[in-house]
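First comes the structure, then the notes that go with it.
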Amino acid sequence: MGPHPAVAAIRLAVRRVLNDILDDHGRTPGHPPHEQPSSPLVLVACSGGADSMALASALAFEAPRLGIRAGGITVDHGLQTGSDLRAAEVVLRLRELGFDPAESVAVTVGRGGGPEAAARDARYAALDAAAERHAAAAVLLGHTRDDQAETVLLGLARGSGIRSLSGMAAVSGAGGRYRRPFLQLDRQTARKACMVQSLPVWDDPHNADPAYTRSRLRHEGLPALEKALGKGVVEALARTAQLSRDDADALDAWAGRAAAGVRDADGRLECAGLHALPPAVRRRVLRRAAIEAGAPAGSLFARHIEEVDRLITGWRGQGAINLPGRVVARRQGGRLVIRQG
């Protein structure tokens with residue numbers, strides 16, 4: 001008798017991603033480890049919640065069969081009393097699954113961009129550092145289709161562009177470091193997999209706290225949408241994310257080619273050339289220029305780029321535009337100058 005359908009689904013999703021990782025690192029899936037040049041290390045980011053515990057269990061099952069070493073990292077954000085003890089429990093569970101390394105990393109959460117964004121920034125910084133410290137081939141994240149739907153709705157509510165509506169990528173980070181095997185699986189499948197395997201699960205109280213935007217969306221917004229529009233909203237939003245990602249990738253590629261053609265011999269952006277570009281392409285060129293000048297990508301919003309864009313399309317002699325990261329954009333003699341002030 002085979003595994004429960006939920007367990008089979010999560011294992012299949014993880015197996016596919018691990019095979020992709022092997023391909024990326026020059027190994028042949030299905031061949032014995034002793035015939036391979038090396039055994040890559042894959043880490044799982046595990047909070048102890050149902051999604052990440054299901055992911056950890058699937059990695060523990062699949063990794064040895066493919067000649068992959070499995071490790072786990074849990075991040076202690078220090079935002080709740082006893083968070084260090086909770087992190088220690090997660091590390092113990094990871095070690096019971098056979099993970100090596102299995103460790104907890106404590107972080108200090110700042111205030112920039114709000115509590116959710118600050119916690120996310122601190123978490124990814126810790127995961128990046130852990131991946132580099134252990135020379136990991138990849139880090140697996142437990143985001144599900146439900147998380148993807150929430151991300152798309154948050155982008156809509158903020159009036160973000162198509163890149164934000166494309167949600168989370170299955171592969172992201174430097175060198176494709178982060179992999180999300182569960183983006184096509186719903187949250188209930190992960191929870192069911194934990195239940196049938198008797199895996200202990202910790203439900204983070206922040207996930208039910210209405211003080212957090214994503215929590216309100218999860219417990220109030222999405223259920224209201226499904227009540228008004230019927231079932232299938234989550235699947236439709238996840239599908240929208242993929243379609244938006246395809247469009248955004250194509251526009252980004254176009255903007256990358258166009259950027260070289262709107263610069264003068266000194267590398268400065270020419271306003272006339274920019275004006276001739278389609279708006280979606282021009283704004284991508286401007287965003288990329290602002291980031292290259294030092295503006296943090298995570299703090300650079302659509303409204304910032306719209307203000308810079310008006311220096312091209314609505315020039316009335318207006319002054320410089322201040323951007324995040326102390327970057328300043330101004331128009332000078334038919335050129336657009338973007339640099340740190």
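The structure places CZ of Arg16 at 12.5 Å from CG of Leu18, a figure rounded to the nearest 0.5 Å. Here the CH2 atom belonging to Trp202 is positioned 10.0 Å from the CZ atom belonging to Arg93, to the nearest 0.5 angstrom. Put simply, CG on Leu274 and CG on Leu286 are 5.5 Å apart, with the number rounded to the nearest 0.5 Å. Atoms SG and CD, on Cys271 and Gln332 in that order, are 10.0 Å from each other to the nearest 0.5 Å. The distance from atom OG of Ser166 to atom CG of Asp249, rounded to the nearest 0.5 Å, is 7.5 Å. Put simply, OG1 on Thr313 and CD on Glu306 are 10.0 Å apart, with the number rounded to the nearest 0.5 Å.
Environment of CH2 in Trp254: sparse, with no more than 12 heavy atoms of neighbouring residues, nucleotides or ligands closer than 6.0 Å. With a 6.0 Å radius and a threshold of 12 heavy atoms from other residues, nucleotides or ligands, Gln184 has its CD atom at or below the threshold.
Ile162 and Met168 are assigned to two separate hydrophobic clusters, defined by single-linkage of ILVMFWY side chains at heavy-atom distances under 4.5 Å. Tracing side-chain contacts under 4.5 Å through hydrophobic residues (I, L, V, M, F, W, Y), one reaches Trp315 starting from Val308; they form part of the same cluster. At a threshold of 4.5 Å between side-chain heavy atoms, the hydrophobic network of Ile, Leu, Val, Met, Phe, Trp and Tyr places Val201 and Met195 in two separate groups. The cluster map of Ile, Leu, Val, Met, Phe, Trp and Tyr, joined by side-chain heavy atoms under 4.5 Å apart, puts Leu183 and Val139 in different clusters. Note: the hydrophobic cluster containing Val91 does not contain Leu199 (ILVMFWY, side chain heavy atoms under 4.5 Å, direct or indirect links).
Not one N or O on the side chain of Arg330 forms a donor-acceptor pair closer than 3.5 Å with the backbone of Ile338. Here the side chain of Ser52 pairs a donor or acceptor atom with the backbone of Ser47 at under 3.5 angstrom. A donor-acceptor pair is defined here as one N or O able to donate and one able to accept, closer than 3.5 Å; such a pair exists between the side chain of Asp146 and the backbone of Arg187. For Gln340 (side chain) and Gly325 (main-chain N/O), a donor-acceptor pair under 3.5 Å exists by modelled atom type. A distance-only check finds no donor-acceptor pair linking the side chain of Thr189 to the backbone of Leu185 [under 3.5 Å]. Arg331 places a side-chain N or O within donor-acceptor distance of the main-chain N or O of Leu311, the cut-off being under 3.5 Å. Checked by atom type and distance alone, the side chain of Thr74 pairs as donor or acceptor with a backbone atom of Cys46 at under 3.5 Å. Checking side-chain atoms of Glu103 against main-chain N and O of Gly72 turns up no donor-acceptor pair under 3.5 Å. The main-chain N or O of Ala58 is never found under 3.5 Å from a side-chain atom of Glu62 such that the two would form a donor-acceptor pair. A distance-only check finds no donor-acceptor pair linking the side chain of Ser172 to the backbone of Ala169 [under 3.5 Å].
Using a 4.5 Å heavy-atom cutoff, the side chains of Arg339 and Val328 are not in contact. Counting only heavy atoms from C-beta outward, the side chains of Tyr212 and Arg214 never approach each other to under 4.5 Å. Under the 4.5 Å side-chain criterion, counting only non-hydrogen atoms from C-beta, Leu41 is not in contact with Ile68. Between Arg11 and Pro3 the shortest side-chain heavy-atom distance falls below 4.5 Å. Taking 4.5 Å as the limit, every side-chain heavy atom of Leu141 sits out of range of all side-chain heavy atoms of Phe182. Side-chain contact between Leu43 and Pro101 is present, with heavy atoms from C-beta onward closer than 4.5 Å. Between Leu127 and Tyr178, the closest side-chain pair of non-hydrogen atoms falls below 4.5 Å. Taking the side chain as every heavy atom from C-beta outward, Val75 and His77 approach each other to under 4.5 Å.
The side-chain hydrogen bond (donor to acceptor under 3.5 Å, both in side chains) test with Arg191 is passed by exactly one of Thr144, Asp186, Asp203: Asp203.
Across Leu300 and Ala290, no two heavy atoms sit closer than the pair CD2-CB, 3.8 Å. For Gly142 against Asp51, the heavy-atom pair with the smallest separation is O-CB, 3.3 Å. Heavy-atom minimum distance, Arg282 versus Leu277: NH1-O, 3.0 Å. Residue Ile21 comes nearest to Ala138 through the heavy atom pair CD1-CB, 3.6 Å, listed as atom of the first residue, atom of the second, then distance. Of all non-hydrogen atoms in Cys194 and Ala50, the two that sit nearest each other are SG-O, 3.3 Å. When all heavy atoms are compared, the tightest approach of Met53 to Pro200 is CG-O, 3.8 Å.
Side-chain atoms of Ser83 and Asp76 include a donor-acceptor pair closer than 3.5 Å.
Using a cutoff of 4.0 Å between basic side-chain nitrogens and carboxylate oxygens, Asp20 and Arg15 are not scored as salt-bridged. Ion pair Glu132/Arg177 flagged as a salt bridge, since at least one NZ, NE, NH1 or NH2 atom sits closer than 4.0 Å to an Asp/Glu carboxylate oxygen. Taking the charged nitrogens against the carboxylate oxygens, Lys231 and Glu226 do have a contact shorter than 4.0 Å, which makes a salt bridge. Ion pairing between Arg163 and Asp247 fails under the 4.0 Å rule for side-chain N and carboxylate O. Taking a cutoff of 4.0 Å between a charged side-chain nitrogen and a carboxylate oxygen, Glu270 and Arg263 do not qualify as a salt bridge. The pair Arg179-Asp24 meets the salt-bridge criterion, with a side-chain N (NZ, NE, NH1 or NH2) lying under 4.0 Å from an Asp/Glu carboxylate O. With respect to Arg86 and Glu89, a salt bridge is recorded, a charged nitrogen being found less than 4.0 Å from a carboxylate O. Salt-bridge annotation for Asp100 and Arg69: absent, with no side-chain N of the basic residue lying under 4.0 Å from a carboxylate O of the acidic one. Electrostatic pairing of Glu150 and Arg216 does not count as a salt bridge here, judged by no charged N lying under 4.0 Å from a carboxylate O. A salt bridge does not link Arg180 to Asp147: none of the charged nitrogens lies less than 4.0 Å from a carboxylate oxygen.
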- Apply side-chain contact (heavy atoms from CB on, under 4.5 Å) to Leu237 and Leu153, showing your working. CA-CA 8 Å; Leu237 287 168; Leu153 281 177; 3.7 Å; yes
- Take Val107 and Tyr124 through the test side-chain contact (heavy atoms from CB on, under 4.5 Å) and record every step on the way to the result. CA-CA 10 Å; Val107 298; Tyr124 277 102; over 6 Å; no
- Apply side-chain contact (heavy atoms from CB on, under 4.5 Å) to the pair His4 and Lys192, showing each step before the final yes or no. CA-CA 9 Å; His4 186 278; Lys192 185 71 172 178; 3.6 Å; yes
- Show your reasoning for whether side-chain contact (heavy atoms from CB on, under 4.5 Å) applies to Ile10 and Leu55. CA-CA 7 Å; Ile10 65 169; Leu55 181 58; over 6 Å; no
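In this structure, Arg65 is positioned above the aromatic face of Phe61, its NZ or CZ under 6.0 Å from the six-membered ring centre and within 45° of the axis.
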